[in-house]
Structures are given as structure tokens and as C-alpha cells.
Amino acid sequence: MTDGGDMVGTQVTLAGYAESVRGRGGVCFVMLRDGTGRIQAFLKRDAMDESVFESIQSSSRESTISVTGIVAQKRPPKTPEGVPAPPPEYEVSVSSAEILALAEAPLPVGVVDDVNVGLDVRLDNRHLDVRRAHVNAMFQLRSKVLQYGREHLIEEGFSEMNSPKIIASASEGGTNLFPMMYFDTPAYLSQSPQLYKQLAVLGGLERVFEIGPAFRAEKHDTYRHLNEFVSFDIEAAWCDDEDVMGVLERMIHSIWSRISADDQDLVDIINTYRHTQGLESVIVEVPELPFPRIPYDDAIKIVKEGGGDIEWGDDIESHHCDLIASKYPGFHFIPRWPMSMKPFYIHHKEGEMGSTGGQLSRGFDLNYGRDEMTSGGQREHRVEVLEQNLRDMDLDPDDFSFYTDGFRYGAPPHAGWGLGVARLLMVLTGAGNVREVVLFPRDRSRVTP
RNA sequence: GCCCCGAUGGUGUAGUGGCCUAUCAUGCAGCCCUGUCGAGGCUGCGACCCGGGUUCAAAUCCCGGUCGGGGCGCCA
């Protein structure tokens with residue numbers, strides 16, 4: 001929507017939500033809002049059908065209304081002596097109007113009210129919550145992230161795939177699955193496209209990606225976990241962990257660059273809101289390439305130097321990540337984890353040992369500050385090593401034949417990763433909770449709306 | 001699964017055993033004024049999560065439940 005100066009005198013028809021309806025006498029002001037902006041509609045009782053005028057004047061906030069009228073310059077506000085007049089603004093001088101759908105009152109959550117609404121109430125009324133400008137902007141940014149990420153991967157030669165979400169057995173292991181009945185057969189909701197994207201690569205698709213849901217039946221209750229989340233996943237043949245780390249950092253760099261260049265308006269809307277809450281602006285700072293690599297060995301040293309209680313072979317926990325984040329506040333990779341801490345399908349190279357002599361893997365994480373964004377790695381493509389890995393972890397290879405059978409007929413070395421879309425959005429939007437950037441989140445206690 | 005905290009009108013809050021016939025804001029209804037502009041003025045409406053218990057007296061203390069928040073574990 002332009003500021004309207006070039007449209008003065010033109011007849012227009014506009015429809016939108018009535019953000020406010022003011023004026024109780026012979027005049028009425030309706031602030032109309034749609035996905036592109038807002039404009040004031042000015043109604044005069046004696047300039048239009050009286051019953052229509054009254055229906056508009058008595059309509060409730062957030063009702064949808066259509067108006068037809070002439071674009072005109074607003075009457076300038078009275079300004080005190082010596083104060084310069086503000087720039088001209090424009091409005092629609094209405095000749096006819098129609099209520100498309102009346103909103104019930106009161107609203108369960110105010111769209112422009114001066115009160116902070118709790119997240120839970122907002123999520124119960126997400127369709128109204130999304131009408132708030134900054135919430136709307138967050139979801140438009142989410143769409144941009146998905147678009148730019150997808151376009152970047154396609155440019156790097158990846159093709160998009162879809163894997164089944166109803167599966168017969170665990171496709172990755174290590175997490176609890178949601179059980180379900182598939183007709184008369186017990187089945188599960190997929191926790192990861194891991195196995196299927198590998199099978200696609202083994203089948204010769206070479207470079208694939210998928211943006212899709214994953215389901216985990218973990219009873220976690222944190223700002224960064226959901227039981228259903230959208231994962232940005234890739235898998236690439238003839239690649240090692242370093243190669244796909246390169247894909248990942250280039251993709252994030254591309255997303256940040258394009259948002260910084262083209263979508264600052266969305267970020268500004270978010271910042272306008274943040275300022276009313278006393279929060280600092282979020283700044284889209286394009287990260288420099290390459291991202292820092294802090295191998296597990298070095299990460300352990302940093303944690304120890306920072307006073308953290310940790311030994312080689314321990315997991316790097318959230319409070320340890322705080323110590324690392326104080327040195328590396330932005331994106332950083334943590335590659336070369338101990339093989340003993342990684343799943344059986346992660347590749348290792350014989351002779352690559354950590355500082356205490358333990359076997360290293362080709363698994364890596366990507367963190368932003370304290371938060372894990374991605375986990376990935378080079379996969380083990382040699383079936384006999386896969387089976388040995390299982391035995392080393394006290395697992396029975398026969399129980400994993402659904403996985404290992406795919407590797408019996410030749411397999412390219414390959415690597416991949418899975419990126420939590422909502423976690424990336426948290427970084428971009430400054431949201432303190434993944435639920436902010438997921439339209440209809442599913443957590444431990446929420447299955448509606 | 002573990003630890004801590006919380007639940008008051010539609011929404012966000014004040015309230016720490018009697019001053020509560022419960023505060024304020026926002027909202028809603030109505031009136032006045034008005035080409036308003038985060039409009040203004042006046043009047044009104046609307047709430048102590050559920051179930052037990054303690055007490056002369058409970059929004060307030062205790063127990064259980066439900067829901068929510070924060071942290072941890074695990075992960076993306």
C-alpha cells in the first residue's frame with residue numbers, strides 16, 4: 001500500500017479487519033487493516049445510507065468490513081504554534097460499505113490492546129494472535145526462511161524428497177516414538193527422515209533434502225522442544241562431514257543474506273513490538289564464512305577452563321554450552337565427537353583419536369550460542385562396520401536389519417544433517433520460545449487447536 | 001522423569017488471615033463531545049482454578065487434583 005498521495009480522487013474498494021471503530025455522532029472512523037497495511041476509512045452519516053452508516057458505526061473490533069469511497073487527504077491535525085505540520089496522510093472518504101462478518105465481543109485476546117497476553121492464551125486463540133503485526137511478521141519470516149533455504153539447496157544440486165511419516169519401526173533410534181495403529185498393524189509416527197533419506201541416496205538420488213515433520217514422544221518441557229517439529233534435512237552422496245557442514249553454513253549464510261537484503265521490513269515490525277516491551281532490537285547480522293569449528297576436544301578444554309565439571313567422553317550439557325557460547329556467541333560447529341557418544345550409523349575413521357585416546361566420530365553439531373540447531377555427520381556406509389558398531393553398543397544387529405539391509409548392495413559414502421527450523425527462527429526473530437514461531441505447536445500438554 | 005514457582009473480571013495485574021461489598025489498566029455496554037488520530041470526559045458491567053481441610057473468620061494457611069511458567073535431563 002502506498003501512502004496514497006498519488007491516488008487522491010480515485011474511487012477504491014477496500015476490505016479488511018476493523019482495528020478500531022470510533023466516533024458516535026455524525027461521523028465514524030474505521031481503521032481498516034489487511035495483510036498489506038492499514039488505512040483509515042472516514043464515514044459521514046449524511047454522505048451515505050443511514051442504516052449502513054449505523055451498522056458500521058456499531059460494529060465490533062476485528063469485524064471484516066468492505067468500504068467503497070474516494071481517496072482523500074486527511075484533515076491535518078491541529079498543531080500548536082511553531083510546531084511544523086506533520087506530513088499529509090490519506091484516507092478513504094466512504095460512500096458505501098458492507099459488513100462482511102461481524103466479530104463477537106469481547107475478543108478473547110486483544111489484537112492491539114495495551115496488555116501483555118500469556119503465551120498459552122495466545123496459542124488457544126492463535127487465529128487472532130496472528131493478526132498482531134509482529135506475530136504476523138514472524139510467520140512471514142518463517143516462510144522466507146523455508147523458501148530461501150529450499151532455493152539454496154536446489155542451487156547446490158539437491159532435489160526435494162518426501163519420506164513416510166507412518167513407519168513400522170524406529171528409523172534412527174534413541175528416542176521414544178508415538179505408537180499408533182496402521183489398520184491392524186502396530187506402527188509409529190516417524191521421529192526422523194534419517195533412514196529414508198539415506199535409502200534415497202543409496203538408490204542413486206545422490207543429493208536430497210526434505211522439509212517435514214518429525215515426532216518425538218519425549219516428555220520434555222523447555223523453550224526449545226516440541227513433540228512435533230519441522231526439520232530441514234539433507235543427505236548427500238560422496239560427501240563427508242566437512243562437505244555437508246559447508247552446505248549448512250552456506251545455506252544459513254544465504255538465508256541471512258537474503259533476509260537482510262529483502263526482508264528488513266519484517267524485522268522492523270518485530271523490533272517495533274520489541275521496543276514496546278523494553279526488549280532490544282533483533283539485528284540480522286549476516287554471519288561470516290566459514291563458521292568457527294570447535295572440535296569436541298577443544299570444546300571440552302573450553303568448558304574446563306571456564307570452570308565446568310566435565311571429562312572427555314561426557315556430553316556437553318546446556319550449562320557447558322553457556323561457557324562455550326561466551327567465547328563463540330554466534331553460529332559454531334562442534335565436530336569430531338567421541339564415537340561412543342554417537343549413534344551406530346555415524347562414520348568414524350580408524351586412527352582418529354581424541355586427546356585421551358578415544359575413537360572420534362565424524363558426527364557434528366551446529367550451535368548458535370547455547371542452543372543446538374543441527375546435528376549431523378558422515379554416515380557409516382560399510383555394512384560390516386554398521387553391524388560391528390551395533391555390537392559395540394550392545395545392540396543386536398538382527399534387530400536393526402530394517403536399517404542395515406539397505407547397505408548390502410553397494411553404498412556410496414555419504415553425509416547429512418537435520419536442522420530445527422523453529423530453532424533457526426528463534427535466532428532470527430529473537431523469540432524466546434519455539435512456540436512463538438510455530439503456528440500450532442504440539443507439546444506435552446497441547447494438542448489443540 | 002527430576003527440582004522450583006504460579007493460578008484473581010474477556011485480557012494483563014494489585015492483594016501475605018478480619019481493612020475485600022477485591023485494586024488498577026485494558027476490554028465491553030451506554031451517554032456526552034468530537035475530523036477523531038494510542039482521541040477525550042462521565043456512568044455502568046465483569047473475577048478469587050477445582051475438591052477437601054484448619055479457623056470465630058480464607059483470594060490469603062494446609063492437603064489432593066487440574067492447568068500453566070522456569071530450570072534440568074534428552075534432543076532438532
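Quick note: numbers below take in every heavy atom, side chains included, and nothing from hydrogens, waters or symmetry partners. Naming: A, B, ... by sequence-line order, numbering from 1 per chain.
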Are His152(A) and Glu156(A) close enough, and set up right, to give a side chain to side chain donor-acceptor pair (under 3.5 Å), and what steps lead you there?
CA-CA 6 Å; His152(A) 179 83; Glu156(A) 290 215 13; 2.8 Å; yes
In dot-bracket notation, what is the pairing pattern of RNA chain B, taking Watson-Crick (N1-N3 plus N6-O4 or O6-N4) and G-U wobble (N1-O2 and O6-N3) contacts under 3.5 Å, with [ ] crossing and | for other strands?
(((((((..(((.....[.....)))((((((.......))))))...(((((..]....))))))))))))....
With [atom1] as the reference atom in both, quote the distance from [N] to [M] in angstrom, rounded to an integer.
| N | M | atom1 | value |
| --- | --- | --- | --- |
| rG15(B) | rC61(B) | C1' | 16 Å |
| rC37(B) | rG17(B) | C1' | 49 Å |
| rA57(B) | rG46(B) | P | 28 Å |
| rC67(B) | rG27(B) | C1' | 24 Å |
| rU8(B) | rC50(B) | C1' | 15 Å |
| rC63(B) | rU11(B) | P | 28 Å |
| rU13(B) | rG9(B) | C1' | 11 Å |
| rG71(B) | rG18(B) | C1' | 39 Å |

Salt bridge (Lys or Arg N to Asp or Glu O under 4.0 Å) partner of Arg336(A), chosen from Asp298(A), Asp297(A), Asp241(A), Asp240(A):
Asp241(A)
Atom-to-atom span, [atom1] of [X] to [atom2] of [N] - whole angstrom:
| X | N | atom1 | atom2 | result |
| --- | --- | --- | --- | --- |
| Leu366(A) | rC75(B) | CG | P | 17 Å |
| Glu89(A) | rU36(B) | CD | C1' | 12 Å |
| Asn433(A) | rG70(B) | CG | C1' | 11 Å |
| Gln57(A) | rG30(B) | CD | P | 11 Å |
| Leu43(A) | rG35(B) | CG | P | 15 Å |
| Glu19(A) | rG27(B) | CD | C1' | 15 Å |
| Ile211(A) | rA76(B) | CD1 | C1' | 14 Å |
| Asp46(A) | rU34(B) | CG | P | 14 Å |

Name all residues meeting the salt bridge (Lys or Arg N to Asp or Glu O under 4.0 Å) criterion together with Asp233(A); count only those two or more places apart in sequence or in a different chain, and write none if there are none.
Lys197(A)
Quick check: are there more than 12 heavy atoms from other residues, nucleotides or ligands sitting under 6.0 Å from CZ of Phe53(A)?
yes
Over 12 foreign heavy atoms within 6.0 Å of CG, Asp309(A)
no
Please check the phosphate of rA39(B) (OP1 and OP2 only) for any side-chain N or O of Arg22(A) closer than 4.0 Å.
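Looking at the OP1 and OP2 atoms of rA39(B), one of them is under 4.0 Å from a side-chain N or O of Arg22(A).
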Are any of Ser445(A)'s side-chain N or O atoms less than 4.0 Å away from OP1 or OP2 of rC67(B)?
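No, no such contact exists.
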When all nucleic acid strands are considered with a 4.0 Å heavy-atom cut-off, which category describes [X]: base, sugar-phosphate, or nothing?
| X | result |
| --- | --- |
| Thr374(A) | sugar-phosphate |
| Phe42(A) | base |
| Met31(A) | nothing |
| Leu226(A) | base |

Not counting sequence neighbours, which residues clear side-chain hydrogen bond (donor to acceptor under 3.5 Å, both in side chains) with Ser55(A)? List them please.
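Per chain and number, Ser55(A) pairs via side-chain hydrogen bond (donor to acceptor under 3.5 Å, both in side chains) with no residue.
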When you check the side-chain N and O atoms of [X] and [Y], is any donor under 3.5 Å from an acceptor?
| X | Y | result |
| --- | --- | --- |
| Gln198(A) | His414(A) | yes |
| Glu210(A) | Ser163(A) | yes |
| Ser281(A) | His275(A) | yes |
| Ser60(A) | Ser63(A) | yes |

Derivation of the side-chain contact (heavy atoms from CB on, under 4.5 Å) call for Trp417(A) and Leu366(A):
CA-CA 10 Å; Trp417(A) 42 256; Leu366(A) 174 72; over 6 Å; no
The side-chain contact (heavy atoms from CB on, under 4.5 Å) partners of Thr222(A) (sequence neighbours excluded) come to Arg224(A), His225(A)
Please list, for nucleotides 71-73 of chain B, all pairs of protein and nucleotide N/O atoms separated by less than 3.5 Å.
residue	atom	partner	partner atom	Å
rC72(B)	OP1	Arg370(A)	NH2	2.9
rG73(B)	OP1	Glu317(A)	OE1	3.4
rG73(B)	OP2	Ser318(A)	OG	3.3

Answer yes or no as to whether rG35(B) has its base stacked against Phe29(A), where stacking requires a ring-centre separation under 5.5 angstrom and planes under 30 degrees apart.
no
Minimum heavy-atom separation for Met339(A) to His347(A), with atom names?
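Closest pair (atom of Met339(A), atom of His347(A), distance): SD-O, 4.3 Å.
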Select from Ser93(A) and Ser20(A) the residue whose nearest nucleotide in RNA chain B is closer to the 5' end of that strand.
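So the residue in question is Ser93(A).
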Leu419(A) or Val27(A), whichever maps to the more 5' nucleotide of RNA chain B
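With Leu419(A) and Val27(A) compared, the 5'-side residue is Val27(A).
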Check: Leu425(A) and Val421(A) side chains under 4.5 Å, non-hydrogen atoms:
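SC-SC contact between Val421(A) and Leu425(A) confirmed.
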If you check every side-chain atom of Arg61(A), which of rC28(B), rC75(B), rA39(B) has the closest atom?
rC28(B)
What does nucleotides 7-15 of chain B look like as a protein-contact string, B for base, S for sugar-phosphate only, - for none, at under 4.0 angstrom between heavy atoms?
---SBS---
